[in-house]
K.L.:
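What follows is a single structure, and I will ask about it in a moment.
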Number of protein chains: 2
Amino acid sequence: MAQATGPSRSQPATLSDVARLAGVSIATASKALNGRSQVRAETRQRVIEAAERLSFRPNQLARGLLAGRTGTVGLLTSDLEGRFSIPILMGAEDAFGAGEVAVFLCDARGDAIREQHHVRALLGRRVDGLIVVGSRTDPRPSLGRELPVPVVYAYAPSEDPADLSIVPDSVGAGRIAVDHLLACGRSRIAHITGDPGYLAAQERAVGARAALADAGLALVGEPRFGVWSEGWGRAATAMLLDQHPDVDAVLCGSDQIARGVMDVLRERGHRVPEDVAVMGFDNWQVLTSASRPPLTSVDMNLEQVGRAAAHALFTAIAGARRSGVETLPCRVVIRGSTAPLS
Amino acid sequence: MAQATGPSRSQPATLSDVARLAGVSIATASKALNGRSQVRAETRQRVIEAAERLSFRPNQLARGLLAGRTGTVGLLTSDLEGRFSIPILMGAEDAFGAGEVAVFLCDARGDAIREQHHVRALLGRRVDGLIVVGSRTDPRPSLGRELPVPVVYAYAPSEDPADLSIVPDSVGAGRIAVDHLLACGRSRIAHITGDPGYLAAQERAVGARAALADAGLALVGEPRFGVWSEGWGRAATAMLLDQHPDVDAVLCGSDQIARGVMDVLRERGHRVPEDVAVMGFDNWQVLTSASRPPLTSVDMNLEQVGRAAAHALFTAIAGARRSGVETLPCRVVIRGSTAPLS
DNA sequence: AAACGAACCGAAAAGGTTTTCCGTGAAGCT
DNA sequence: AGCTTCACGGAAAACCTTTTCGGTTCGTTT
């Protein structure tokens, strides 16, 4: 009953179909299509035309079964919803797509059980490697050393130093942010940032202080930790202006916070950037370009993190293992909210 | 040289390894692990333990090769960056993950050539079906009727009515938005929306007008089309207030526009929601909850669109084809920016 | 005791591709 | 003419799992 190539939808052509149509053996057809040299040019041409006519696509399953390599990798995110996973994922997909590698996407939704389940499923499909994408930069548990394929951790590093992790340089990000404000001639710089439980918040503050110290300066007051929201940005700014009305720059832990900061600054009659310069982190387009004025922000180069992770996985699959945490530099994107003091 | 199970990383165990360890044939091992009935309980136990010890995972490639079904689907997005693809993708991933189906993610980046390339690659991997996710609701070209696997279009419908498409009900969205404003006692409702080249903008306006007409009312002025930005929301609101200072509600084409609208309303001394109610579309958390007051918005239920697409693909793979454009209802999420007139 | 049935297990084929090895024929050389 | 060399094409194994079908063993029945 099943062989009716009939009405609806025929099976895809197989290599033996091509061989039959071209009047050669399966082996010859394979060699002709793969550019092997043991086949006459004329024969090769005949095979190629036959494959064309049948719109033959080699079955990657069979190929993978034989080769022991499938040309697939697993991309395991812990949180698709969060906006940090997406650019990383794009970078990785981009890097792999160019190399004929297909990507299995799995979202663990922050659940370790589900993550374990996905890992097992991916290994059953014989992926050549795994990329684990976190939703924040705090270290996360390793998947273990016993996996049969290489693993690269992106954004959230593994707790096990034997694993390879690719993360943005948060300390450096704090540094270059302050360097930019210093270059704008600011010297009374405050720092309003988010949840102190986030390593990124701590590291950016460390970098900012280090850059100020190098210039013989210090923050105006202590860093103000809170939550990653506009509301906190507004509240913290109100307090800041009460205590330090002479502040000439505010470095904000995120673009959202910066948005709130700028609103209150404007409401209180401080001009941005003439009186107070404002910077954010993350360079989240929808916020930076909607602000008045557009917001200068530190871009974490997440797409590049994804690409680097993909590249590292490539080389690991080829046999060259690395380990440890590798950091990638961030960059300042200058917009209207920061400008030299006139 | 290759058989050294040696130092670094051994090959995954195969069924014949398990069979050998358990002292049975390959066939029996397979039957034991798959719950077939022709094997003694004690033997089955022995096999299961052997599989456990070797941490055996059946090779899905071999299984797929044999069964003709791979348990994989392709998810083809035209634009990962845009925020509409992500929830759809999450819904689809969620629905498939529960069913032991793995998802290949491909991002065409809005390029038809790249899309074609990805389709070919996916077919080479013998996916059982395809979901095509668009970045806007305007119809897009079909992948064609000649594909060997079923295809479901999500968010952006196919131009070919023979294809199956799942989209949110934009006209209905406009309707329920106005219905909500009417229920709040508003009667002088303006509409500030985005790019008129977007079908979503047109359809929402159509729905809004229809709901008003049903109540014997009309919009305050014409719908104001522009771009999907806060800046446009601010500019349009300024004009609106000049011409119609007595407006008591503004229906905005997106949450971004709504954000701009609210800013200007407040600056001009109009209270939200006491004097003017404001609504947006998309229910984009980061904007709706950061607004002052939090923004009432129409949620397009995109995750549900993704789930429905996955489900439709499931049944199509099982043989039950549908066709045409199926719409899913949207829902109003009420927050502080709309309230009954006191 | 012979025959029968049930329960259990194994051999083998199938799925599609790549690769190795062998065979055939022709051309080149002495 | 007889030999080697070369170019080309084909047979078959391998990858791993599932399933069908046939075979063995043991207990039961007449």
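Any value given below was found using the heavy atoms of this structure, including those in side chains, with hydrogens, waters and symmetry copies removed. Predicted, not measured: the structure shown is a model, and the values here were computed from it. Every chain is numbered from 1, with letters handed out A, B, ... down the list of sequences.
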K.L.:
Could you pick out which residue, B:N59 or B:K31, lies toward the 5' side of DNA chain D when each is mapped onto its nearest nucleotide?
P.N.:
B:N59
K.L.:
For A:D111 and A:A108, indicate whether the former's side chain and the latter's backbone hold a donor-acceptor pair under 3.5 Å.
P.N.:
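No; judged by distance alone, with no hydrogens or angles, the pair does not exist.
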K.L.:
Just call it for A:T14: base, sugar-phosphate, or nothing, with non-hydrogen atoms closer than 4.0 Å on any strand.
P.N.:
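Sugar-phosphate, backbone atoms only, no base.
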K.L.:
Quick check: on DNA chain C, is the nucleotide nearest B:R126 upstream (toward 5') of the one nearest B:R44, or the reverse? Name the residue that is more 5'.
P.N.:
B:R44
K.L.:
Assign B:I26 to base, sugar-phosphate, or nothing according to its heavy-atom contacts below 4.0 angstrom with the strands shown.
P.N.:
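Contact class for B:I26: base.
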K.L.:
What integer distance in Å separates A:N34:CG from C:dT18:C1'?
P.N.:
8 Å
K.L.:
Rounded to whole Å, how long is the line connecting atom CZ of A:R63 with atom C1' of C:dG16?
P.N.:
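Those two atoms, CZ and C1', are 11 Å apart.
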K.L.:
What is the distance from CZ of A:R46 to C1' of D:dC8, rounded to the nearest Å?
P.N.:
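Those two atoms, CZ and C1', are 12 Å apart.
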K.L.:
With DNA chain D as reference, determine whether A:R40 or B:A13 sits nearer its 5' end, using the nearest nucleotide of each.
P.N.:
A:R40
K.L.:
Taking OP1 and OP2 of C:dC8, is either one under 4.0 Å from a side-chain nitrogen or oxygen of B:T28?
P.N.:
no
K.L.:
Atom CZ of A:R36 to atom P of D:dG10: distance rounded to whole Å?
P.N.:
17 Å
K.L.:
How long is the line joining CG of A:L66 and C1' of C:dT20, in whole Å?
P.N.:
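In whole Å, C:dT20 C1' lies 12 Å from A:L66 CG.
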K.L.:
Would you name the heavy atoms of A:V119 and A:L147 that are closest together and state the gap between them?
P.N.:
CG1-CD2, 4.2 Å
K.L.:
Is a side-chain donor-acceptor pair under 3.5 Å present for B:D79 with B:S85?
P.N.:
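Result is no, nothing qualifies.
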K.L.:
Starting at CG of B:L65 and ending at P of D:dT19, how long is that distance when rounded to a whole Å?
P.N.:
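That distance rounds to 14 Å.
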K.L.:
Look at the rings of A:F314 and A:F96 and say which category their plane angle falls in: under 30° parallel, 30 to 60° tilted, over 60° perpendicular.
P.N.:
perpendicular
K.L.:
If I take atom CD in residue A:Q60 and atom C1' in nucleotide C:dG15, what distance separates them, rounded to the nearest angstrom?
P.N.:
16 Å
K.L.:
Is B:S16 near enough to D:dT17 that one of its side-chain N or O atoms lies under 4.0 angstrom from OP1 or OP2?
P.N.:
no
K.L.:
Check the phosphate of D:dT18 against B:S30, side-chain N and O only, distance under 4.0 Å to OP1 or OP2. Yes or no?
P.N.:
yes
K.L.:
Might you confirm whether atom CD of A:E326 has over 12 heavy atoms from other residues, nucleotides or ligands at distances under 6.0 Å?
P.N.:
yes
K.L.:
What's the CD-P distance between B:Q38 and D:dC21, to the nearest Å?
P.N.:
12 Å
